[in-house]
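The structure under discussion appears below in the form of structure tokens.
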Amino acid sequence: MIMPLIKGLQITISHMFKKPVTLQYPTERPDVKPGFRGLHALNVSHDKAKCVACYLCPTVCPAKCITVEAGEDQNHDKYAAKYEIDMLRCIFCGYCVEACPVDAIRMTEQFELANYSRADFTYTKDRLLEKK
């Protein structure tokens with residue numbers, strides 16, 4: 001009876017002097033590991049989005065959460081006039097990043113995606129361009 005009690009106290013006291021494994025979030029920020037797939041972002045080239053509206057990302061998306069509508073500029077080049085991602089449906093698989101032939105979309109290390117309204121989970125082209 002007394003030996004298990006002493007063994008238990010020994011384990012408890014040994015943990016008192018070890019570094020805690022928990023973080024005091026949000027004051028302490030976790031280190032995001034390489035390869036983490038967080039919020040999407042559109043890459044910019046020459047002050048505009050690199051996306052050429054080829055429709056590969058919505059085609060390969062298993063959750064069908066990406067909406068792209070093509071536009072055409074005065075040089076008859078296609079661009080994404082509308083680019084939206086519904087984060088409530090996204091499964092963060094990264095297929096959209098892998099399928100993009102012009103490296104227009106990437107996944108950032110941002111993991112704080114909480115919002116209060118359903119509409120805030122729809123990331124438009126302007127919101128995706130803001131992300132670094």
Side-chain angles (χ1 to χ4, degrees):
M1 177 73 179
I2 194 80
M3 283 309 288
L5 179 64
I6 292 172
K7 201 165 194 149
L9 284 172
Q10 184 181 20
I11 292 171
T12 302
I13 291 171
S14 71
H15 281 279
M16 290 174 69
F17 300 106
K18 291 181 180 176
K19 185 180 175 188
V21 293
T22 57
L23 292 175
Q24 296 300 314
Y25 185 82
T27 55
E28 292 180 40
R29 309 296 294 183
D31 293 329
V32 178
K33 302 296 181 200
F36 175 78
R37 290 184 236 156
L39 181 62
H40 302 71
L42 288 174
N43 290 330
V44 176
S45 176
H46 300 94
D47 294 332
K48 63 180 184 178
K50 288 177 80 174
C51 181
V52 293
C54 65
Y55 297 101
L56 281 177
C57 50
T59 303
V60 299
C61 180
K64 303 295 181 202
C65 64
I66 301 174
T67 304
V68 178
E69 289 181 9
E72 192 173 295
D73 62 6
Q74 62 271 19
N75 297 330
H76 303 287
D77 292 331
K78 277 177 52 177
Y79 71 97
K82 177 182 176 184
Y83 194 99
E84 285 184 358
I85 299 178
D86 185 0
M87 286 300 172
L88 293 176
R89 298 181 68 186
C90 182
I91 58 173
F92 299 91
C93 62
Y95 286 170
C96 54
V97 176
E98 293 178 22
C100 185
V102 293
D103 193 31
I105 189 167
R106 61 184 163 86
M107 300 189 93
T108 64
E109 295 178 346
Q110 185 175 351
F111 59 90
E112 296 162 316
L113 303 175
N115 280 309
Y116 290 104
S117 69
R118 193 167 191 78
D120 291 338
F121 287 100
T122 301
Y123 282 77
T124 61
K125 180 180 173 183
D126 293 333
R127 287 180 73 189
L128 293 169
L129 286 172
E130 294 173 357
K131 308 298 173 206
K132 299 293 177 199

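Both backbone and side-chain heavy atoms feed into the values below; hydrogens, waters and symmetry mates do not. Fair warning: this is a prediction, and the values are worked out from it, not measured in the lab.
Formation of a donor-acceptor pair under 3.5 Å by the Lys78 side chain with backbone atoms of Ala53 is found in this model. In this structure, the side chain of Asn75 does not engage the main chain of Asp77 through any donor-acceptor pair within 3.5 Å. Side-chain atoms of Thr108 come within 3.5 Å of backbone N or O of Leu39 as a donor-acceptor pair.
With sequence neighbours left out, the side-chain hydrogen bond (donor to acceptor under 3.5 Å, both in side chains) criterion links Glu69 to no other residue. For His46, there are no side-chain hydrogen bond (donor to acceptor under 3.5 Å, both in side chains) partners at least two apart in sequence or on another chain. Residues passing the salt bridge (Lys or Arg N to Asp or Glu O under 4.0 Å) test with Glu98, sequence neighbours excluded: none. By the side chain to side chain contact (heavy atoms under 4.5 Å, CB included) test, Thr27 pairs with Gln24, sequence neighbours left out. Every side-chain hydrogen bond (donor to acceptor under 3.5 Å, both in side chains) that Asn43 has, sequence neighbours left out, goes to Arg106. Under the rule for a side chain to side chain contact (heavy atoms under 4.5 Å, CB included), the partners of Cys57 that lie at least two apart in sequence or sit in another chain are Ile66, Val68, Tyr83, Cys96.
In the hydrophobic clustering, where aliphatic and aromatic side chains (Ile, Leu, Val, Met, Phe, Trp, Tyr) are joined below 4.5 Å either directly or transitively, Leu56 stands alone. Cluster partners of Val52, using a side-chain heavy-atom cutoff of under 4.5 Å among ILVMFWY residues and allowing indirect links, are Val102. The hydrophobic cluster containing Phe36 also includes Tyr25, Val32, Phe111, under a criterion of side-chain heavy atoms closer than 4.5 Å among ILVMFWY residues, counted directly or through chains of members.
By the criterion of side-chain heavy atoms lying less than 4.5 angstrom apart, applied directly or through intervening Ile, Leu, Val, Met, Phe, Trp or Tyr residues, Met107 is grouped together with Leu42 in one hydrophobic cluster. Each of Tyr95 and Leu128 belongs to its own hydrophobic cluster when Ile, Leu, Val, Met, Phe, Trp and Tyr are linked at side-chain heavy-atom distances under 4.5 angstrom.
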Taking distance alone, no hydrogens or angles, what donor-acceptor pairs closer than 3.5 Å link side-chain atoms of residues 10-23 to residues at least two apart or in another chain?
{"from": "Thr12", "atom 1": "OG1", "to": "Gly8", "atom 2": "O", "distance (Å)": "3.0"}
{"from": "Ser14", "atom 1": "OG", "to": "Gln10", "atom 2": "O", "distance (Å)": "3.4"}
{"from": "Ser14", "atom 1": "OG", "to": "Ile11", "atom 2": "O", "distance (Å)": "2.7"}

Enumerate donor-acceptor pairs with a distance under 3.5 Å from any side-chain N or O in residues 84-93 to protein atoms, sequence neighbours excluded.
{"from": "Asp86", "atom 1": "OD1", "to": "Leu88", "atom 2": "N", "distance (Å)": "3.2"}
{"from": "Arg89", "atom 1": "NH1", "to": "Lys64", "atom 2": "O", "distance (Å)": "3.3"}
{"from": "Arg89", "atom 1": "NH2", "to": "Ala63", "atom 2": "O", "distance (Å)": "3.0"}

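Evaluation of the salt bridge (charged side-chain N to carboxylate O under 4.0 Å, His left out) test over residues 23-39, restricted to residues two or more places apart or in two chains, returns Arg29-Glu112.
In this structure, OH in Tyr123 is found 5.0 Å from CG in Leu113, a value given to the nearest 0.5 Å.
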